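All of these numbers come straight from a predicted model, not from anything done at the bench. Letters A, B, ... are given to chains in the order of the sequence lines, protein chains preceding strands, and every chain is numbered from 1.
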Amino acid sequence: MSINPTTEESDAGTYSFADIEAKWLPVWEKLDTFTPVDDGSRERRYVLDMFPYPSGDLHMGHAEAFAMGDVVARYWRQLGYDVLHPIGWDSFGLPAENAAIKHNAHPSEWTYANIDTQAASFKRYAISADWSRRLHTSDPEYYRWTQWLFLRFFEKGLAYRKDHPVNWCPKDQTVLANEQVVNGACERCGSPVTKKSLNQWYFRITEYADRLLEDMEPLAGHWPERVLAMQRNWIGRSEGAHVTFTIEADGDLPAADVTVFTTRPDTLHGATFFVVAADADLAADLVTPEHASALADYRESVNALSDIERQSTEREKTGVFTGRYAVNPLNGEKLPVWAADYVLADYGTGAIMAVPAHDQRDLDFARAFNLPVRMVVDTGEEDPALTGKATTGEGTLVNSGELNGLGKEQAIQRAIELVSEQGTGERTVNYRLRDWLLSRQRFWGTPIPIIHCPSCGEVPVPDEQLPVRLPSNLRGEDLAPKGTSPLAAATDWVNVECPQCSGPATRDTDTMDTFVDSSWYYLRFVDPESTEAPFDSQKVNEWLPVGQYVGGVEHAILHLLYSRFFTKVLFDLGLVNFTEPFAALLNQGQVLNGGKAMSKSLGNGVNLGEQLDRYGVDAIRLTMVFASPPEDDVDWADVSPSGSAKFLARAWRLGADVVSEPGVDPASGDRSLRSVTHRTLADAADLLKNNKFNVVIAKVMELVNATRKAIDSGAGGADPAVREAAEATAVILSLFAPYTAEDLWERLGHPASVAAAGWPAVDESLLVQDTVTAVVQVQGKVRDRLEVPADISEDELRELALGTAQVQRTLAGRDIRTVIVRAPKLVNIVPA
RNA sequence: GCCCCAGUAGCCCAAUGGCAGAGGCAGGAGACUUAAAAUCUUCACAGUGUGGGUUCGAGUCCCACCUGGGGCACCA
């Protein structure tokens, strides 16, 4: 055998992946096996891989992810479900624009050329997709509906504009959502992100914070725990109270009420000072004239810090006194009001009551500025004022008026009651999640379908005028980032009549974050040609939620959170009847090389095309799936595509040795091989259900080994059991190695396609063994083994075990305390 | 600092609380061959990161720790 694709003669005994690939690809094109019938005659199942971004050709990561998704799609088809497994492209985005600037071209040229390249590669890779549903988010036919959905959000008040300090990437010259800032740097290019105050569009995702959190419950067990944990973390729910402090009047400055958020209202009596975020307007409003210049200087120094510096936890505490005092509503104490950058303008209310004894940050600040520390919860630990370590645990309230003597939890409840009675506070829940900033100052995205009219304000583009197409006359340098959208330069495009008053007006020149495009594409796949609506709700309700979603963990928060949000809004709009888009999620691992992610700078990249040329599509697919459990990383340095190719050839060769006719009754075949076949089918079904694809491949390897042995030194190639085993091999292999499986299937005398052969029925009677080996333990240690009938009773087995010489010798006359019997496999004798 | 995940043979990995080993890679031996490749057969190697606990019995469950990976983080 040879795994060399250039083998010149290809006789019946030589496995040539290149020949097999060339042979079957056109046959499959004609068969159209992967378009769902979609008539309700079979149960519908939807399996989806996160759609690719068209950045050049497919890479090793695509090869892994799509191999996994295809296993599920192909398995579900074998089980007889009507399977929807579509493919499309997330085709708006920066790289296309940057390429266009560089080559003085239009982004669409680069984008659609790459899509064609990737599509051809996907076909070669034998992804069992329904190509008739192919979509691209940059097609006007698609983004028309992205705009339509935006307008529905706008009508509901879920899309709005506000002035706000935003994350700004100085390199890409655009704003970024919080989710796109990683450790203070741009997720895309790595540049340190700065803050800029701009008027921008937002989606009100915070309104859905609670539902995004609660609706994760039923996903447990179907989504990876770490993804759920990351989303929980990101949403950052915390329960506590709002408490309002009055800032006393000072000279010309009037009194003011300022509310704080605290998770520890029980420690109200321990507040010894008050802090407002230095960069919030509130600080400037409160400061007395005497302290104003110090605050201004301080604010300047704070603004000069990058996010990365500011987020360092090692920093010394800094701040300035505002000259004002806040009155504690519970005990009337006057607390000095400070402005400091350790309080965030963006979180909670941008102001806090500082309880240095029981909060480390407050304690650090108190020690830096010699402010008092008062312990109000006795945790049994040393006084934080002395140790410098705040105590945050359980304890008994002290120095706290009527809260004294209560435990922490009781005191929290009681304190909330007290401020509620006073009207100075209430129970509340606070979230870390911010609204989703969706405007981008870039060209290659979905235009925001809003017209700005000097007299009517923000006017939605009427639905019948959608799509608002991108202007076609901009290219090359016209697209270079300038800090404002390049669309502004297309004056013909920008200047329009106001749809309401017909006066002169201008289009919004920002485009949408591409994550908006990808937040609903899984719905469009159900009905991709529709010109009436983004999708047919009835059809969507029939197909969704997606039964199995497959993609990388890098989208644990971004795409998955946004899509969940979109689905909930669409539910509220009555457009879908479910609230979670993805019932099950599989995060495939990364493909590494030598322990590290592949990268140009490390020079450890592996080219997918070269691997396919060298080992064949099936060997690469099999290697990806066999290497480890799907969610684990695959280190390409640790795996053996040539080993996979060898196995495939071995499986394929079975075809030549099966000499019985198709359709022969296997009942008369060799029983032990039949047992292996049916055991393999049963185990594989179980393993596939649990995404243990790597183990399924190990099982089919065993089946191939057993079949080879039966042919060479057992029942022989004419035995019907050998045919049965080879056919089962072809069907199981069809999930992982479609070309080899198809060719084997043909060699076994069947017409194409094995993909539609159906999962063989398991004969339960073949799974039962006549006799099994029972293990006899004394005190957990194995002392003997017995061949016993599989249906032996507990009593019989106990008697047998107690009677063995080994057991008698080990017991050496000791009394028996108890005997554990798990018929027919185990007996454990426990001596007294 | 908080949260999540993982540590089994030289390597990748299996193992409903019940004999630690299914499969593969790399390695050794044999058959076939003039020889090699390919093919077929066969062999060896760990007591499951560490320390406790629960149990008749723990790789598996619980606690603590160590190591590695990931997420969040002056989030009140």
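Contact annotation: A/Arg434 side-chain N/O to B/rC75 OP1/OP2 distance is not under 4.0 Å. OP1 or OP2 of B/rG24 lies within a sub-4.0 Å distance of a side-chain N or O belonging to A/Asn705. Under 4.0 angstrom from either OP1 or OP2 of B/rU42 there lies at least one side-chain N or O belonging to A/Lys709. OP1 and OP2 of B/rA38 both lie 4.0 Å or more from every side-chain N or O belonging to A/Arg650. Close to B/rC12, at under 4.0 Å from its OP1 or OP2, lies no side-chain N or O of A/Ser640.
Out of B/rG18, B/rC19, B/rA22, the shortest distance to the side chain of A/Arg785 is found at B/rC19. For A/Gln777, counting side-chain heavy atoms from C-beta on, the closest listed nucleotide (B/rA76, B/rC13, B/rG18) is B/rG18. Comparing B/rG71, B/rC75, B/rC13 by their nearest atom to the side chain of A/Asp632 picks out B/rC13. Of the candidates B/rC72, B/rC74, B/rC19, the closest approach to any side-chain atom of A/Arg361 belongs to B/rC74. Checking B/rA14, B/rG24, B/rC56 against every side-chain atom of A/Phe626, the shortest atom distance belongs to B/rG24. Among B/rA22, B/rA15, B/rC11, the nucleotide with an atom closest to any side-chain atom of A/Lys692 is B/rA15. The A/Leu826 side chain lies nearest to B/rG18 when the options are B/rG18, B/rA76, B/rC25. With distances taken from any side-chain atom of A/Arg226 to the nucleotides B/rC4, B/rC75, B/rU39, the minimum falls on B/rC4. Closest approach to the A/Asp341 side chain among B/rG18, B/rC74, B/rC12 is made by B/rC74 (side chain taken as heavy atoms from C-beta onward). Listed nucleotides: B/rG23, B/rC72, B/rC40. Nearest to the side chain of A/Arg432: B/rC72.
Using a 4.5 Å cut-off on side-chain heavy atoms (C-beta onward), A/Phe736 and A/Ile732 make contact.
Here, B/rU55 and B/rC45 have their P atoms 35 Å apart, quoted to the whole Å. B/rA22 and B/rG1 have their C1' atoms separated by 43 Å, with the value rounded to a whole Å. A distance of about 23 Å separates the C1' atoms of B/rA31 and B/rG24, rounded to the whole Å. Nucleotides B/rU34 and B/rC43, compared at atom P, are 28 Å apart to the nearest Å. Distance noted for atom P between B/rC3 and B/rU48: 28 Å (whole Å). Separation of the P atoms belonging to B/rC25 and B/rA20 is 27 Å when rounded to the nearest angstrom. Comparing B/rA14 with B/rG47, their C1' atoms are spaced 16 Å from each other, to the whole Å. Rounded to whole Å, the separation between the P atoms of B/rG18 and B/rC72 comes to 38 Å.
A 3.5 Å limit on both hydrogen-bonding distances identifies B/rC72 as the Watson-Crick or G-U partner of B/rG1. Pairing of B/rG18, defined by two Watson-Crick or G-U wobble distances under 3.5 Å, is identified with B/rC56. The nucleotide B/rU42 finds its pairing partner in B/rG28, both defining distances of the Watson-Crick or G-U wobble pair being shorter than 3.5 Å. Using N1 to N3 plus N6-O4 or O6-N4 for Watson-Crick, or N1-O2 and O6-N3 for G-U wobble, each under 3.5 Å, B/rG51 pairs with B/rC63.
Atom CG in A/Asp346 sits roughly 12 Å away from atom P in B/rC74 (whole-Å rounding). If you take CG of A/Asp635 and C1' of B/rC25, they are 13 Å apart, rounded to a whole angstrom. Rounded to an integer number of Å, the gap from CD of A/Glu631 to P of B/rG70 is 17 Å. If you measure from atom NZ of A/Lys825 to atom C1' of B/rU16, you get 10 Å, rounded to the nearest angstrom. Residue A/Leu558 contributes atom CG, which lies 13 Å from atom C1' of B/rG71 at whole-angstrom precision. Put simply, CD on A/Gln779 is 8 Å from P on B/rG57, counting in whole angstrom units. Counting to the nearest Å, the C1' atom of B/rA58 and the CD1 atom of A/Ile820 are 15 Å from each other. In this structure, A/Tyr615 atom OH and B/rC25 atom C1' are separated by 13 Å, rounded to whole Å.
At the heavy-atom level, A/Pro224 lies nowhere under 4.0 Å from the strands shown. Contacts of A/Val639 with the nucleic acid, taken as non-hydrogen atoms under 4.0 Å apart, are absent. The residue A/Ser644 sits apart from the nucleic acid: no heavy atom pair falls under 4.0 Å. At a threshold of 4.0 angstrom between heavy atoms, the contacts of A/Ser628 are confined to the sugar-phosphate backbone, with no base atom among them.
Under the side chain to side chain donor-acceptor pair (under 3.5 Å) criterion, A/Asp435 pairs with A/Tyr160, A/Thr206, not counting sequence neighbours.
Side-chain atoms of A/Gln360 come within 3.5 Å of backbone N or O of A/Gly388 as a donor-acceptor pair. The closest donor-acceptor contact from the side chain of A/Thr267 to the backbone of A/Gly270 lies at 3.5 Å or more, if one exists at all. At distances below 3.5 Å, at least one donor-acceptor pair connects side-chain atoms of A/Asn690 with backbone N or O atoms of A/Asp686. A/Asn587 contributes a side-chain N or O that, together with a main-chain N or O of A/Gly551, makes up a donor-acceptor pair within less than 3.5 Å.
Ring pair A/His555/A/His559 is perpendicular by interplanar angle, where above 60° counts as perpendicular and below 30° as parallel.
Under 3.5 Å, the side chain of A/Asp638 and the base of B/rC12 form no donor-acceptor pair of N or O atoms.
Here A/Phe273 and A/Trp338 keep their ring centres 6.0 angstrom or further from each other.
With a glycosidic angle no more than 90° from 0, B/rG47 adopts the syn conformation.
Both A/Asp712 and A/Lys699 sit near RNA chain B, but only A/Lys699 has its closest nucleotide nearer the 5' end. Nearest-nucleotide assignment on RNA chain B puts the 5′-proximal partner with A/Asn694, out of A/Arg822 and A/Asn694.
When all heavy atoms of A/Asp635 and A/Gly594 are compared, the closest pair comes out as OD1-N, 2.8 Å.
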